[in-house]
Amino acid sequence: MCRLFIRGMRNRIKLYFLLSVFVLLTSAFFPVDRIRYFLSPSIRGDITTVKKYPVNFNDTIPNDTLYQNLSKEGYPLSYYRKITTGICFDNKCRMLDIILLWDITGRYLGFELPEGEFLSKTDHEPFRQDEYERLHNILADEHSPLANFSYNQLITPQISFLDVDAITGPTAPAVLDYVVQGAVYTTYQLWHFTYGQAKEEVEKLTIKFLSVDLILKILDSENDADKMWALDHIKGYVTLAPVLREKILQFINNDNYSLAERAISAISPLELADEIFQEAILEKFFTADYSLKQQLIDKLTEVDKLSANVICKLADNMGTLNVAMLGRVIDLFRKQHVVDDKALKKVIPLLKHENSFVRRKAYGLLMSIENQNQYIKDALKEYTSNNKESEQWL
Amino acid sequence: MTKINRRLLLKSLSIASIGAVVPNLSKGEVLSKPYKIKTEAIKTDILVVGGGTAGVVAAIQAARGGSKVILVENGSQLGGTISTAGVAFPGIFFAWGKQVIGGVGWELVKDVVALNDDKLPNFSAPHGEQHWHHQVRLNGYLYAVLAEEKCLDAGVHIRYYETPTEATFRENNWMVRTAGKGVQTEITCNQIIDCTGNAFMASIAGFNLIREAETQPGTLMFQLGGYNFDSLDLELIKKRYAEALEKGELVRKESRGDIVGLLRSRGDNIQHIANADSTTSETHTLANINGRMSLLKHLKFIRTLPGCEKARIITMQTETGVRETYRIDGHYKITHEDYITAKTFDDAVGYSYYPIDLHDEHGVIPSQLKIGTVPVIPLRALVPKNSRNFIVAGRSISSDRLANSALRVQASCMAMAQAAAVAAVLANKQNKSPLEVPIKEIQQMITEYGGIVPK
């Protein structure tokens, strides 16, 4: 009996522990008198400093300050803005007092209400928990159709501009799916504050703090959108330190096309001057899916000078490539003015390839070589005498 | 009186008569005889008819596959609905985090995005009810140019301004007559790929077609400017619009009954032109005129609205885009049920991924596919009954109307086109009809060329 009780207690403790972890992870919790809803930030750390930035938000809120939370190392952790505005309900107005938070990538991070404050709907009825959660989800949706609704479309015609959350008229049916019912104006305004000028300012400020270390930290975010933001802010912003190179290469795999595609785009032609890096890209080429293969081979086309090892490996593996990819590799050789004897000797047999597309590609490459060796001349002569008919299609 | 020598008289008369016929040529001008229609007989392995979304992909794939390819297009550029009609958001290539349509079509899309410094959407984030977040917006002009470059690079022989007028099948080959500007051509080919979008070639070849009594409306894409949407009095505008409808000055269905939507979108994929049909010169002429006249009527109305007095046309496509005309009566008809349940087929050659998207006079409310659903295209749906050496790709695929409302979208047409081209290449090599080629060989070749075959 006692054992059972202890086991029950243990289970209960375990359950409570799991529940608290869950609550912390989802970051939605209700301290006694403070309402806060947060998503996971891209990077975590203790806030040691708060910096203020005057910003013209270009909206209806008089407040013009964007706050930046900084870590002890001096990199930004998050941003927030205090919003205090009047929302009118049935011609009775009360203040909306809320703090909106952004992640350093400009993503919506959450909201927090001052102590004792709560959000209310029509007739001053307070938000229920599910309504806070709905608001949180709506604000987290960057692509919400609220972006396309104009102010005047929120309610049916008889309602005047200031009475949007009022009970004097119903909400327009098309809007209902995207708002907290009874708080149309609040939802609409908060969504537009979230994705308005503030988001842009947040990104601009973070960009000023960009470093290899900060990019690496954001790339470890749980959120793909943050990772993509970091990948988009490498080329032209930071140099590819070896550790960042390694990290980028890790993203080039077949598991997540979007991340892999952005990772390849993050590599500048200048960085590819390094022959070892070129070879690493080539290794990725051999294992990548078709769509990524194309992008990787195009990336090598941007290189100022293709390494001898890469040329050699590509030439050695021509037999393993399918026709379309073979065509791209031959195009790469042509663009890079490859004159390596060993590589060209691998191309010559392609003049007799069963596929006329490959034959023509090989012919085009060999013809483009200025100082042709005798064996190339002989091979080309043989090709032209055997392929007169197919040439008419060029 | 001067005595005239007879010989001299005759000489002067002949010079005078020549002078009367020969115009007085300026320096550098040459006299050209009246143009004589050029007739020509040419041979190829594969004839692709129609250089739109499907035709471009089919032609490139067939040529890369090693076949001689002629592409006949009755317009002046490639790309069809993407370029000429300006519907430059070609559907969805990723479903549930994975790529489902690849190959030549994706290669084109990706290259256009790269050359235009655009960014692809995040395909790993689900699109939810708003599938358009996974749409890739393209520069349609660039698409047309890159499509042309890729066709030429693959060795495709492009013939613009030509249209087929006759097709006969004899001795295992097709003889197709085409007419164009100053040319009449007799093309002998082993295989035909009909990418007209209207099953026009199938019709000329004598195969049965299917059409709805009422088809989906077409859309002329345009861009309006000269007003600030945010400062407009939308309630007043709605009222004035209702009055114009009441008086018969405007037709409700032409702007989906939503003048605010038209103003907000500025003309992007909003207009609806009833019975728009691009099958023949006559029907296409009508569709284009109706599209442009509707735009003009709306523009004139909009300019009477407060805040829109300076409204103007910024851009306008040259053709009304068409959603639905004729479909083939194929060996298999894809049904709505097949589509939404992702029915599997042994002869699967590609995926399609798009919500059921039937436009009518009230607009469109897409019906999203259930989580994890990726519909499948069987090869038999691309082959008309009783045909030989003939295959279609694009929106004329054999399907019921609801399935077709999703299959018609460009990404799916690209997947079909790559599959149709592979089937035609192998059929040509093996001297067979597409359905006689072992399906495993078709599926393997599609995969080798980057296409994605359902497993």
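Protein chains get the first letters and strands the later ones, always in sequence-line order, with residue 1 at the start of each.
Pairing each heavy atom of A/N322 with each of B/E448, the nearest pair is ND2-O, 2.5 Å. What you find for B/Q99 and A/S291 is that their closest heavy atoms are OE1-OG, 2.8 Å. In this structure, B/G66 and A/S356 approach most closely via the heavy-atom pair O-OG, 3.3 Å. Between A/Y178 and B/Q130, the shortest heavy-atom contact is CE2-NE2, 4.5 Å.
Salt-bridge check for B/D111 with A/R328: passed, with a basic side-chain N closer than 4.0 Å to an acidic carboxylate O.
With a 4.5 Å cut-off on non-hydrogen atoms, B/K98 touches chain A through its side chain but not through its backbone. Neither the backbone nor the side chain of A/K293 comes within less than 4.5 Å of any heavy atom in chain B. A/E261 touches chain B through its side chain: at least one heavy atom from C-beta onward sits under 4.5 Å away, while N, CA, C and O do not. Residue contact with chain A, scored on non-hydrogen atoms closer than 4.5 Å, involves the backbone and the side chain of B/N122 alike. The part of A/D298 that comes within reach of chain B is its side chain, from C-beta onward, which places non-hydrogen atoms under 4.5 angstrom from that chain.
The NZ atom of A/K361 sits 3.0 Å away from the CG atom of B/D153 when rounded to the nearest 0.5 Å. The line from CD1 of B/I452 to CG of A/D289 is 8.0 Å long, rounded to the nearest 0.5 Å. Taken to the nearest 0.5 Å, the CD atom of A/E142 stands 8.5 Å off from the NE2 atom of B/H133. Distance check: A/F357 CZ to B/I60 CD1 gives 9.5 Å after rounding to the nearest 0.5 Å. A/Q295 CD to B/K110 NZ: the interatomic distance, rounded to the nearest 0.5 Å, is 3.5 Å. Taking CH2 of B/W106 as the start and OH of A/Y290 as the end, the distance is 13.5 Å to the nearest 0.5 Å.
For the pair B/K119/A/R262, a side-chain contact is recorded, criterion being any heavy-atom separation below 4.5 Å from C-beta on.
In this structure a side-chain-to-backbone donor-acceptor pair under 3.5 Å is present from A/S258 to B/F123. Put simply, the side chain of A/N355 gets close to the backbone of B/R64: a donor and an acceptor are under 3.5 Å apart.
The 12-atom threshold is not exceeded at CD of B/E246, counting heavy atoms of other residues, nucleotides or ligands nearer than 6.0 Å.
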Apply salt bridge (charged side-chain N to carboxylate O under 4.0 Å, His left out) to the pair A/K235 and B/D117, showing each step before the final yes or no. CA-CA 13 Å; A/K235 193 158 81 176; B/D117 289 328; over 6 Å; no
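Taking chain A as the reference chain and counting heavy-atom pairs below 4.5 Å, the highest number among B/S67, B/A114, B/A125, B/A154 is found for B/A154. Here A/D232 is the residue among A/L321, A/L259, A/D232 with the most heavy-atom pairs under 4.5 Å with chain B.
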